[in-house]
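Okay, handing you the structure first.
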Amino acid sequence: MKMAACVGTNAFRRSPEGRDAKERSANLRKGKHMNSEEKPSMGVGRKIFVVAASFSLPIAVLVYFVIVNINRTIDFTRMEMIGNAYQRPLEGLLRHIEQHQILLHHVPAGSDSAAALDAEKRAADKALDDLKDATEKYGVTLKFTDEELNKRQRQGSKYETVEKDWRDIEAAAGSGKQIPAGIDAKYGDVVAVLRTMITHMGDISNLILDPELDTYYTTSNTLVNLPQTQDRLAQVIALGSAVIARGSMTIAERTQLAVYASMLQADDLDVINSNTQTALNEDPNFHGTSASLQANVPPVWKNFQAAQTHFIELTKQLAASSGKPTLTVDEYISAGVTARESSFRFWDVSIQELDVMLDHGRIQDYDTRKIVALLLSALALFIACILAYWMTLSITNPLMKLARTLGPGAALLRGSIEQINEETNKGKPDPQMTAVICGELSAHVDDMNRSVQALQSIVFGATSPTVQS
Amino acid sequence: MATILYKDVVSAVVAAVGAEKGPGIVERQLQSKGISPDKFDAAQLQDVVVAICAAAKLYIADPGKKVSFEAGLRAMAK
């Protein structure tokens with residue numbers, strides 16, 4: 001009958017390929033494409049694990065970016081420290097080359113000019129050697145190569161230029177008995193190169209971009225303001241001592257001295273004071289208070305302020321003096337050199353404290369943050385795994401129970417049918433056997449109901465209404 | 001407290017049909033005869049052994065296993 005019913009339908013007349021395709025399509029809709037006996041599918045527990053793992057992927061990516069960001073900050077800070085290491089010999093050269101120039105023009109009364117000049121020459125040579133070492137170590141990192149310098153229109157701002165210029169000055173100055181013509185221009189050239197090298201190092205080492213207030217203001221002093229005032233002090237000493245030695249000054253010189261005094265006050269001392277105070281004030285707000293900064297900076301800052309103020313006053317007096325200056329050259333140079341030396345002492349302490357803030361403050365803090373981020377992420381992942389495992393068990397345990405019930409249930413149904421057939425064939429059913437079959441089927445119905453309820457609570461939640469079977 | 005014989009019978013049925021259904025089969029047949037597990041003995045087992053075998057065999061598909069199971073249970077009743 002069924003075959004007859006099928007005869008004449010479009011489906012029956014289709015080609016075998018078409019019929020197969022239709023069957024495959026129907027099976028797909030019914031979910032029969034996966035035969036569990038042929039292809040064992042992934043269990044519910046594993047599927048839940050895969051879902052949990054897929055959610056942990058974005059967390060892993062986020063942790064990766066957090067660590068990358070922290071490492072970037074640490075690398076940024078390490079570059080700043082490299083910059084500081086490179087600036088040390090540059091400052092040494094700035095200090096001793098300009099001091100050499102001052103001594104070449106005037107040796108204080110009672111001093112041995114040759115010995116004093118030689119001492120400064122040796123100090124400058126030592127700084128030059130240190131610059132050579134620093135260039136070998138950090139030159140490429142800080143882009144002191146011809147190609148990189150050319151890109152930035154800073155050609156010649158490199159160790160070789162400084163060395164050549166300084167050797168020329170040494171050769172020209174000799175023992176210092178005579179001042180060669182044009183030597184001041186050579187000093188000016190080498191100092192200009194040194195200042196450009198400091199600027200270039202500040203740009204490349206990130207020091208100019210320092211992101212935290214305490215180190216920013218300290219860097220501002222060490223990178224910009226102190227080198228500026230050190231150079232300016234040398235220029236003011238040179239002009240002032242020349243005027244005093246001559247015993248008269250032009251209007252232009254008087255004006256220049258007055259301008260220098262104002263700049264030393266407003267552009268240098270006031271700015272450095274403000275920077276230092278802000279650095280000390282803000283220090284506790286960034287990676288905790290630096291005890292050494294708070295202890296070491298104020299004394300040298302105080303000396304610096306006193307020496308600068310005294311020299312500025314002398315320069316103002318000199319500029320205000322009508323006609324013949326009342327100061328002696330020795331007094332003026334001594335005050336100027338003291339002011340310069342105090343600025344270098346202040347610079348030495350500041351750069352040392354800057355390194356402490358960068359290394360023991362910022363880098364250590366970010367290293368700790370990195371470890372904390374990794375540990376917390378691992379802990380969160382561990383807790384998530386435990387939760388996922390617990391949730392998996394809460395789903396798979398009732399399902400396994402259901403599966404254990406359904407398996408024997410199928411055997412029971414088959415066995416019951418066989419037994420009923422057997423009893424029917426006998427013609428006279430055994431009442432005890434019938435009672436046993438009914439009892440087992442009834443018990444199985446109860447088991448099935450309980451399993452269905454458990455399944456409903458898994459699918460719909462514990463408070464959902466029971467689906468009627 | 002259930003007797004040792006009761007536990008042995010349950011174990012034998014569990015071995016044949018599984019832990020999910022085994023204890024229930026024995027319990028139901030004993031209840032139908034009004035037998036308590038606390039006082040279950042060999043004589044009472046003889047009364048229910050046919051019913052227990054009949055019920056348990058409903059869950060066993062393998063004919064050989066049916067025979068060996070029944071023989072084992074009947075031996076316990078002697």
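Only a predicted model underlies this, so the values are computations on that prediction, with no experimental measurement involved. Letters A, B, ... are given to chains in the order of the sequence lines, protein chains preceding strands, and every chain is numbered from 1.
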Per-residue contact mode, E440(A) against chain B (heavy atom under 4.5 angstrom): both
Donor-acceptor side-chain pairing of H287(A) and Q364(A) below 3.5 angstrom: no
Using a strict cut-off of less than 4.0 Å between a Lys/Arg side-chain nitrogen and an Asp/Glu carboxylate oxygen, indicate whether E70(B) and R74(B) qualify as a salt bridge. yes
Do the side chains of R362(A) and D365(A) get close enough for a salt bridge, i.e. N-O under 4.0 angstrom? no
Bottom line for I25(B): the part with an atom under 4.5 Å from chain A's heavy atoms is both
Name the region of I437(A), side chain, backbone, both or neither, that has any atom closer than 4.5 Å to a heavy atom of chain B. both
Inter-residue atom distance D367(A).CG - I70(A).CD1, 0.5 Å rounding: 9.0 Å
Chain A contact via K57(B) - which portion, at a heavy-atom distance below 4.5 Å: neither
